[in-house]
Undergrad: 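Before anything else, here's the structure in question.
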Protein chains: 2
Amino acid sequence: MPYPAKLTPEAIQAAAWALLEQGGPAALGMRPLAEALGVRPSSLYRHVGSREALLSTLAEQAASALRAELAAAAGLPPRAALATVAQAYWHFARTRPHAYDLLLTPVAPQAPGLRTPAGKALWGALLERVGALTGHPDDTGHAVAYWTFLHGAAALERAGLYGQSGPQGGVEIGLGALLDRMEAAGHLSSRPAGAPA
Amino acid sequence: MPYPAKLTPEAIQAAAWALLEQGGPAALGMRPLAEALGVRPSSLYRHVGSREALLSTLAEQAASALRAELAAAAGLPPRAALATVAQAYWHFARTRPHAYDLLLTPVAPQAPGLRTPAGKALWGALLERVGALTGHPDDTGHAVAYWTFLHGAAALERAGLYGQSGPQGGVEIGLGALLDRMEAAGHLSSRPAGAPA
DNA sequence: GTCTATACCTTGATAGAC
DNA sequence: GTCTATCAAGGTATAGAC
């Protein structure tokens with residue numbers, strides 16, 4: 001009667017997350033995972049299909065988790081919401097770095113990306129908040145610019161590339177410039193075309 | 001008398017680049033590399049130390065190559081220079097994707113980052129051009145914002161996360177907003193403090 | 001149906017002969 | 001300096017006990 005006694009999807013995923021979050025994808029092997037569960041490696045294949053399938057499942061869960069944290073901005077005015085979303089986004093990337101890059105790394109070549117349900121929901125949430133500020137629903141251009149900056153900051157910090165002196169305020173500067181641009185687009189679009197502000 | 005006849009650092013690195021650029025780090029194994037050189041795998045260890053050491057060497061060379069391409073903006077006025085540097089940066093990331101993420105991925109955990117000679121030179125070049133536009137030498141804040149956006153766009157496109165519809169102009173929007181902000185900082189600083197523009 | 005036992009192949013890496 | 005031989009891990013797969 002070993003500890004978890006049975007292999008359930010939940011138990012497997014929980015153990016997989018533990019290995020992944022401290023040690024990265026390299027530490028999430030089938031053998032270490034089996035050992036953590038008190039089981040032989042091959043037993044996992046009755047539940048998991050393959051290592052890649054397991055990673056895809058975890059990636060989908062990571063997308064859901066990030067989306068959940070981004071809900072923190074609910075009810076705020078548009079600009080404050082986008083600033084809050086940015087903080088939540090970076091907080092997620094900082095506290096769960098391996099979950100974050102699993103989320104954005106296509107596991108299989110030419111695979112999902114963010115074209116999974118959770119990924120699309122995530123993008124939809126971003127689009128909606130950006131649209132609230134610029135006044136254009138489905139404002140893909142501004143949303144791409146915003147997301148590009150969010151990911152750039154998350155990736156550089158996660159890789160330790162800002163150095164020990166940190167981003168030196170550059171993250172706030174860049175985010176501020178982008179939000180200002182979006183806000184300006186909103187003001188312009190709320191007046192008759194050609195009219196001065 | 002096999003083709004390259006002897007194992008030299010140059011021959012090894014050339015073969016390693018060939019494997020890396022088409023196939024990524026996964027394709028750069030010690031066995032394939034040895035086979036490409038007409039040699040037994042263990043022979044490589046007299047010249048290379050380890051696979052990680054080889055990857056670090058290639059990363060350093062990638063940094064130098066990127067820096068060389070960024071010199072394309074020499075002689076241009078500040079704003080045009082930064083726009084040109086951005087295009088060159090993205091061109092490098094697009095045409096040599098594996099070299100690009102080798103460049104920015106710390107090979108060993110808690111390792112270099114960009115704290116190598118070539119990495120520092122790269123950062124120095126960016127800092128100088130940003131300073132020319134904002135009027136502040138060593139304007140780390142604006143340089144970080146600029147680099148963050150450059151990397152974000154490179155990384156998202158490289159990962160295929162913009163989808164098949166592409167960035168939808170979002171890259172130009174974001175870059176424009178950042179350059180405008182830098183230019184504004186330059187105008188402000190060239191006038192007496194507190195004076196209106 | 002679930003797990004154990006076992007085997008195959010690939011990788012990075014090392015020891016020691018020549 | 002290059003070779004042969006070999007090791008420890010890893011992912012994957014199958015046969016068969018219960």
Side-chain angles (χ1 to χ4, degrees), chain A residues 1-59 98 101-102 105-112, chain B residues 1-59 98 101-102 105-112:
Chain A
M1 225 163 274
Y3 303 134
K6 276 263 172 239
L7 281 188
T8 67
E10 291 74 23
I12 292 177
Q13 289 163 16
W17 271 120
L19 288 174
L20 182 70
E21 301 240 38
Q22 46 111 261
L28 177 41
M30 298 302 269
R31 285 170 146 97
L33 178 59
E35 188 176 7
L37 287 161
V39 154
R40 296 300 193 178
S42 57
S43 303
L44 295 171
Y45 287 89
R46 292 283 148 180
H47 302 264
V48 153
S50 76
R51 180 174 176 269
E52 271 197 5
L54 176 57
L55 284 172
S56 290
T57 301
L58 299 187
H98 296 300
D101 52 42
L102 181 63
T105 299
V107 177
Q110 271 64 0
Chain B
M1 223 162 273
Y3 303 135
K6 276 263 173 234
L7 282 187
T8 66
E10 291 74 23
I12 292 177
Q13 288 162 17
W17 270 120
L19 289 173
L20 182 71
E21 301 239 40
Q22 46 113 264
L28 176 43
M30 298 303 270
R31 273 170 233 261
L33 180 57
E35 188 175 5
L37 288 161
V39 154
R40 295 301 193 180
S42 58
S43 304
L44 294 171
Y45 287 90
R46 291 280 147 183
H47 302 263
V48 153
S50 77
R51 180 174 175 269
E52 271 197 5
L54 176 58
L55 284 172
S56 291
T57 301
L58 299 186
H98 297 299
D101 53 41
L102 180 63
T105 299
V107 178
Q110 271 63 3

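Order of the sequence lines sets the chain letters (A, B, ...), proteins ahead of strands, with each chain counted from 1. Side chains included, hydrogens not; waters and symmetry mates left out as well; all remaining heavy atoms used.
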Undergrad: Quick check: closest heavy atoms across B:Leu58 and B:Ala16, and the distance to 0.1 Å?
TA: CD1-CB, 3.9 Å
Undergrad: Starting from C1' on D:dC3, measure out to CG on B:Leu44 and report it in whole angstrom.
TA: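 Those two atoms, CG and C1', are 13 Å apart.
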Undergrad: Atom CG of A:Leu33 and atom P of D:dA9: how far apart are they, to the nearest Å?
TA: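 Computing the A:Leu33:CG to D:dA9:P distance gives 18 Å.
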Undergrad: Are any side-chain N or O atoms of A:Arg51 and backbone N or O atoms of A:Leu28, one a donor and one an acceptor, separated by less than 3.5 Å?
TA: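 The answer is yes, because a donor-acceptor pair under 3.5 Å joins these two groups.
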Undergrad: Please state how far atom CG in A:Leu37 lies from atom C1' in C:dC3, giving the value in whole angstrom units.
TA: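 Nearest whole value for this atom pair: 13 Å.
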Undergrad: Any side-chain N or O of B:His47 less than 4.0 Å from the OP1 or OP2 oxygen of D:dT2?
TA: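 The answer is yes; a side-chain N or O of B:His47 sits under 4.0 Å from OP1 or OP2.
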Undergrad: Nucleotide by nucleotide, 5' to 3', does protein get under 4.0 Å of the base (B), only the sugar-phosphate (S), or neither (-) in nucleotides 11-18 of chain C, counting heavy atoms?
TA: BBBBB---
Undergrad: Mind calculating the distance between CG (A:Leu54) and C1' (D:dG11) to the nearest angstrom?
TA: 13 Å
Undergrad: Do A:Leu37 and A:Leu44 touch side chain to side chain, with heavy atoms closer than 4.5 Å?
TA: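 SC-SC contact between A:Leu37 and A:Leu44 confirmed.
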Undergrad: Check whether any side-chain heavy atom of B:Val48 lies under 4.5 Å from a side-chain heavy atom of B:Met30, and answer yes or no.
TA: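 Heavy-atom side-chain distance check passes, below 4.5 Å.
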Undergrad: Return the minimal non-hydrogen interatomic distance between B:Arg31 and B:Pro41, and the atom names on each side.
TA: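 Looking at all heavy atoms of both residues, the closest pair is CG-CG, 3.7 Å.
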Undergrad: Would you please test B:Leu33 and B:Val39 for side chain to side chain contact (heavy atoms under 4.5 Å, CB included) and show each step?
TA: CA-CA 9 Å; B:Leu33 180 57; B:Val39 154; over 6 Å; no
